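Here's the structure we're looking at; comments come further down.
We count ligands from 1, going down the list as the structure has it; atoms in each ligand are counted the same way. None of these values were measured; they are calculated from a predicted model.
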Amino acid sequence: MKALLIFFVLMNLDKLLKPAHCAEIQDQVLSITPKTQEQVDILKNVSTQYETALWQPVSPHYIKEDTQVHLFVPANSSETVKDLLKRHAITHEVLLANPNELIEMQTRNDSTDPRSSSTFYERYHSLEDIYIWINRTQQDNPDTVKVILIGSSFEKRPLYVLKLSVNNRPNKKAMWIDCGIHAREWISPAFCLWFVQYSLSFYQSNKDITNILDNMDVYILPVLNPDGYHYTWTTNRMWRKNRSTNMSTKCIGVDLNRNFDANWCTEGASDQPCTEIYCGAFPESEPETQAVADFLRSHKDIVQIYFSIHSYSQMLLFPYSCTLEEAENHSELLEMVKEAAGQIHRYYRNIYKYGPGANTIYLAPGGSDDWAYKLGIKYSFTFELQDRGRYGFLLPPSHISDACNEALLAVKTIALKVVEKT
Ligand code: ARG
Ligand code: ZN
């Protein structure tokens with residue numbers, strides 16, 4: 001008993017010595033709603049001048065009155081930032097008081113923990129583990145799964161696409177899904193893994209996935225931006241862009257979803273390398289963009305549906321994001337996402353907004369969905385998965401299954417509609 005007590009005291013020594021009220025300042029995520037133009041300007045300034053990471057909106061440019069801003073504030077700039085807000089009478093709420101605990105939770109390797117009941121697919125995985133998973137999935141399913149190397153990243157990591165194909169029907173069409181174009185959106189690669197696992201497990205038992213796979217092949221790119229993803233695991237959890245360097249600047253990274261050739265680098269993107277929405281030196285300047293674009297160009301006659309998976313904010317988007325003009329089959333696309341959102345609401349009681357990107361969020365040129373659409377893939381979508389800002393990019397592993405199941409339902413709903421049409 002005594003030994004146990006001593007053990008407990010030793011284990012909790014740091015907590016016992018450090019009362020809660022004088023706990024160290026921690027990283028936090030703040031939610032701030034500017035009320036006046038002056039407050040908007042201050043916030044824009046804070047998010048660019050101080051070491052912070054803007055979660056929402058994607059760039060300071062979009063900060064506007066009466067709209068929530070989510071700002072990750074590291075401990076070392078916490079005091080300065082809060083002082084500044086206070087001085088200008090800008091109120092804030094703490095959205096996340098413990099992002100570091102959440103990050104720790106997400107990166108913990110609990111696969112060896114016998115108390116853990118979560119499956120492989122209900123956890124986040126390092127890039128290395130995902131490469132191993134790709135290999136194993138192919139080996140375990142040699143008849144259905146092929147691995148295709150479509151190129152490599154700036155830091156020379158391989159870009160692997162999994163091809164799921166259950167039969168050799170002539171003139172078969174295909175669907176494309178890419179995940180992880182933005183590094184910090186961890187639920188996205190988790191979805192690609194989930195989708196593959198679901199397809200392999202429920203082909204023949206779930207009628208919808210059976211119908212889809214009988215009629216089309218699926219190409220899945222689980223991590224479009226491996227360098228960025230790796231960097232979020234090792235160095236900076238909030239990283240968004242790829243990791244390319246350029247002689248002309250010390251800032252690293254291009255926003256790969258601004259680097260495609262669709263009204264490239266017009267309003268909604270930036271030619272400034274230090275911003276989060278840097279469009280790159282020219283369209284397809286990045287090896288990751290080029291690999292995807294080359295693959296889709298050479299498969300454009302068979303790929304009917306394009307999906308790009310992001311987070312967070314719960315939206316089902318379709319072209320255009322690069323212009324306010326309507327897509328040629330706007331009403332058809334609207335009908336599809338409306339039905340998908342309806343299904344999610346019916347089965348999961350969760351709300352997804354839907355519509356063309358530019359009207360639903362903001363102008364964002366150079367995106368992969370618009371580019372694929374202009375290439376001729378008439379069913380092109382960008383999904384923003386969970387959540388709506390409670391955890392943001394730090395969605396806990398316990399939410400992976402719900403987030404993936406509802407996105408899966410949306411993918412199935414849309415794919416079935418396309419299968420029906422052809
Ligand atoms: N939130 C994402 C971004 O900022 C997706 C935008 C919608 N699609 C697009 N093509 N820009 O990149
Ligand atoms: Zn994104």
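- Here the side chain of His61 pairs no donor or acceptor atom with the backbone of Glu267 at under 3.5 angstrom.
- If you check the side chains of Asn259 and Asp255, you find no donor sitting under 3.5 Å from an acceptor.
- When Glu185, His310, Glu384, Arg258 are ranked by how near their heavy atoms come to atom 1 (N) of ligand 1, first place goes to Glu384.
- Note: Phe393 and Phe72 fail the aromatic proximity criterion, with ring centroids not under 6.0 Å apart.
- Side-chain contact annotation: Tyr306 with Ser368, donor-acceptor N/O pair under 3.5 Å present.
- Residue contacts with ligand 1: Gln56 is excluded, as none of its non-hydrogen atoms falls under 4.0 Å.
- Among the atoms of Glu185, an N, O or S atom falls under 2.8 Å from the Zn ion (ligand 2).
- Within His310, ND1 is the N, O or S atom that lies nearest to the Zn ion (ligand 2).
- With a heavy-atom cut-off of 4.0 Å, Ala364 touches ligand 1 through backbone and side chain alike.
- Side-chain atoms of Asn329 and Tyr379 include no donor-acceptor pair closer than 3.5 Å.
- A salt bridge is absent between Lys86 and Asp83; no separation between the charged side-chain nitrogens and carboxylate oxygens falls under 4.0 Å.
- Under 4.0 Å from ligand 1, the heavy atoms of Tyr362 that appear belong solely to its side chain.
- For Asn257, a nitrogen or oxygen atom sits less than 3.5 Å from a nitrogen or oxygen atom of ligand 1, counting backbone and side chain alike.
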